Amino acid sequence: MNIFSEVEARVSTALEALKSEGTLPADLSLPVFDAEPPRDPSHGDIAVNAALVLAKAAKMKPRDIAEALKAKLEAHSDIAKIEVAGPGFLNITFKDEVWHNLVRAILNFGGRYGAGPVRDAGKLNVEYVSANPTGPMHVGHCRGAVFGDALANLLVFAGYDVTREYYINDAGGQVNVLARSAYLRYREALGEDIGAIPEGLYPGDYLKPVGEALAEQHGHSLVSMPEEQWLPIVRAFAIERMMAMIKDDLAALNIRHDVFFSEASLQSGGADLIKAAIEELRQKGLIYEGKLEKPKGHDDDEWEDRVQTLFKSTAFGDDEDRALQKSDGSYTYFAGDVAYHYDKLRRGFRHLINVFGADHVGYIPRIKAVVAALSDKYADLDVKVVQLVRLFKAGEPFKMSKRAGTFVTLRDVVDEVGRDPVRYMMLYRKNQETLDFDFAKVTEQSKDNPVFYVQYAHARSASVLRNAIEQIPGLDVSNAALGEADLSILTDPGEIDLVKRLAAFPRLIDGAASAHEPHRLAFYLYDLASALHSQWTRGNDSPHLRFIQSNDGVATSARLALIAATKTVIKSGLEILGVEAPDAMR
RNA sequence: GAUCCCGUAGCUCAGUUGGAUAGAGCAUCUGCCUUCUAAGCAGAGGGUCGCAGGUUCAAAUCCUGCCGGGAUCGCCA
């Protein structure tokens, strides 16, 4: 149900016909052309650039090709007129019945309108959040989390087979710090005076309950143990509690994952995926022993010039080859990530998407190199970088610091601002753009937040349907009933404009999904809401344009069909963004 | 030293993967509530799309080089 791709198909057919008739050279290969909504309404409903793209190869004037195409396409019963314009555009204008049929189709498809067909594109994996399990999530994590979640929703809606994944960094040094910090809280819970938390350990109060739980479970038994004995116990326990907390935080934002993949599991239970992955690379001749050059641009007194195991990532466009083992023989973080992506590929994913924070951009070339090396290019990886969120309080920049106590948790923000505004705010910007998040603005003047504008449009639609039932007893406003209505009175330019925006929805979903850009949907919904609000208010000046015409059942049903279709699309869109579509504003 | 992101109206940002006369919100000014929810609507003013070249029927969009702002660089995670 995408009129743009339908027109593209018609044009392709027409071009083939022109070839077999000899109007166009028979050996002409058909290039990629577009059927798109023109910016200027006077250019019709759909502009086709086929003639322009084709002209050179066909050795013909674009306008001549356009005229020939026009003759072929014009006969179709749903076309009001076709004009050849400008350098050779084909501007197609539809009859109103096309828009009427579209409203019916939307009511018919309901929440599935705009959804893609199930695609035969292979399994797709979206990895997002992946915050260290060492404390509660803070606002900085918020953006990547919301972005990844909305992107996954969007891809599901577009028809992809999506797995949402969280990589738990539970194997590095920082989880040992977590364990020592929790151990201190454990001793505290047993009545010991632990004084100030030493530098280098996590000072947050959130570890107190962990200490208390440890005390309850183990009594004094851990106190007498040497560190190498209690550390694994406390670490495992603390990580589990931290992950529970993080999942809870994510749930507050309506975010869920299908798979939580543990970094530690790469080397547990007798398996060693890291070794296997490196072996795989070795067989491809991409592993060698060698030295790296000292990094330029900053002093590093601890730089050690030594031979080490390296991955030849430069063969895939990276700046330098990358180390896989530390001087003590243990694997680097990167080695784990090599194995993790090796595992993703083994699980059959053809498309990988990683959502990274801006602080990880330097990591992208090497991880892309890994995927390219291991997949033999059968799989692709797109790394989406979400830029920094700059925090403001009443216009003043605001720095977060754990020690200074100005640490803002994700939970604080959600509790204060609300889930929907936070989500919409994070998505109402493309991911590469830095985002200013002002607490005062979002909390105190929340009317400025576009989320309310869009939600209001949905609530307004719901309200109209409610009022209609009240004013016209016995009226059936179900999608099925409204789909039967005579829609021929829908001829007002505002009404047709609204339908045209609805017609653009499937195309938008398609584009946003393949570009991995959920923000396009947030902007689209804003525009759609605007068109609805506009049409609504026109009813104030021109009562005959109101949606409810209490003395005219035919007109009312037609208008209600339009509003129900609009409501359907807004709801679908908001659901993808993970934002509620309320039936009334409070 | 290198890489990545950004640069579009006074401010914050879109710009449908290269389309025709560049858009929205905020701010400023002018109007619209006896009315299906004014959390709304209509209108006005406001532009060298950072700069300079290049590619082509067509460039804010692609390529090259500069300028300005931000981020990153490790045997950390």
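Here is the naming used below: chain letters follow the sequence lines, and residue numbers restart at 1 for every chain. The shown structure was predicted, so the numbers you read here are calculated from the model rather than taken from an experiment.
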Item checked: Nucleotide-level pairing of RNA chain B, given in dot-bracket where Watson-Crick and G-U pairs need both distances under 3.5 Å and | marks other strands -> (((((((..((((.....[...)))).(((((.......))))).....(((((..]....))))))))))))....
Quick check for you: among [options], whose closest atom lies nearest to any side-chain atom of [X]?
X	options	answer
A:Phe547	B:C36, B:C75, B:C6	B:C36
A:Thr332	B:C75, B:U16, B:C57	B:C75
A:Ala47	B:A20, B:U17, B:C13	B:A20
A:Tyr453	B:U17, B:U72, B:C41	B:C41
A:Pro87	B:A14, B:G19, B:C76	B:G19
A:Tyr363	B:C41, B:A20, B:A77	B:A77
A:Glu36	B:U35, B:G40, B:U17	B:U17
A:Ile548	B:C36, B:C76, B:A71	B:C36
A:Arg460	B:G40, B:A42, B:U3	B:G40
A:Asn49	B:G19, B:C36, B:C76	B:G19

Notebook entry, point to check: In terms of base orientation, is B:C33 syn or anti, with the syn window spanning 90° either side of 0?
Noted result: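 Because its glycosidic torsion lies within 90° of 0, B:C33 adopts the syn conformation.
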Notebook entry, point to check: When syn is taken as a glycosidic angle within 90 degrees of 0, is B:U35 syn or anti?
Noted result: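 What B:U35 shows is an anti base, its glycosidic angle lying more than 90° from 0.
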Using atom [atom1] in both nucleotides, what's the gap between [N] and [M] to the nearest angstrom?
N	M	atom1	value
B:A24	B:G69	P	32 Å
B:A71	B:U61	P	27 Å
B:U56	B:A20	C1'	16 Å
B:C6	B:U12	C1'	14 Å
B:G18	B:C62	C1'	8 Å
B:A44	B:G23	P	13 Å
B:U3	B:C13	P	26 Å
B:C51	B:C57	C1'	27 Å

Item checked: Side-chain touch A:His43/A:Phe89, heavy atoms, less than 4.5 angstrom ->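 Side-chain contact under 4.5 Å: no.
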Notebook entry, point to check: Within a strict 4.5 Å, meaning less than it, do heavy atoms of the A:Pro87 and A:Leu52 side chains meet?
Noted result: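 Counting from C-beta outward, A:Pro87 and A:Leu52 do come under 4.5 Å.
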Checklist line | For A:Ala58, all residues meeting side-chain contact (heavy atoms from CB on, under 4.5 Å), sequence neighbours excluded | finding: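 Counting only residues at least two positions away or on another chain, A:Ala58 forms a side-chain contact (heavy atoms from CB on, under 4.5 Å) with A:Leu24, A:Pro25, A:Leu28, A:Met60, A:Ile65.
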Check: Within 45° of the six-membered ring axis of A:Phe4 and under 6.0 Å from that ring's centre, is NZ or CZ of A:Arg507 located there?
Finding: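 Yes; both conditions hold, so A:Arg507 lies above the ring face of A:Phe4.
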Next item on the list: On the 0 to 90° scale, with breaks at 30° and 60°, tag the A:His138-A:His141 ring pair as parallel, tilted or perpendicular.
Entry: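 Geometry flag for A:His141 against A:His138: tilted rings.
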Next item on the list: Using the six-membered ring wherever Trp is involved, compare the ring planes of A:His519 and A:Phe523 and label them parallel, tilted or perpendicular (cut-offs 30° and 60°).
Entry: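 Aromatic pair A:His519/A:Phe523 classed perpendicular.
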Check: Is a donor-acceptor contact shorter than 3.5 angstrom present between the side chain of A:Asn91 and the base of B:A20?
Finding: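 Side chain to base: pair present.
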Note to self: When you measure only distances, ignoring hydrogens and angles, does the side chain of A:Arg429 come within 3.5 Å of the base of B:U12 through a donor and an acceptor?
What the structure shows: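 Looking at the base of B:U12, it does not pair with any donor or acceptor on the side chain of A:Arg429 (distance under 3.5 Å).
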Next item on the list: Considering only NZ, NE, NH1 and NH2 on the basic side and carboxylate oxygens on the acidic side, decide whether A:Asp436 and A:Arg390 come within less than 4.0 Å.
Entry: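 Yes.
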Margin query: My understanding is that only residues two or more places apart in sequence, or in another chain, count here; which of them pass ring pair (Phe, Tyr, Trp, His ring centres under 6.0 Å) with A:Tyr333?
Written below: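 A:Tyr333: no ring pair (Phe, Tyr, Trp, His ring centres under 6.0 Å) contacts found.
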Note to self: Rounding to an integer number of Å, can you tell me how far A:Arg501 CZ sits from B:A24 P?
What the structure shows: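 In whole Å, B:A24 P and A:Arg501 CZ are 11 Å from each other.
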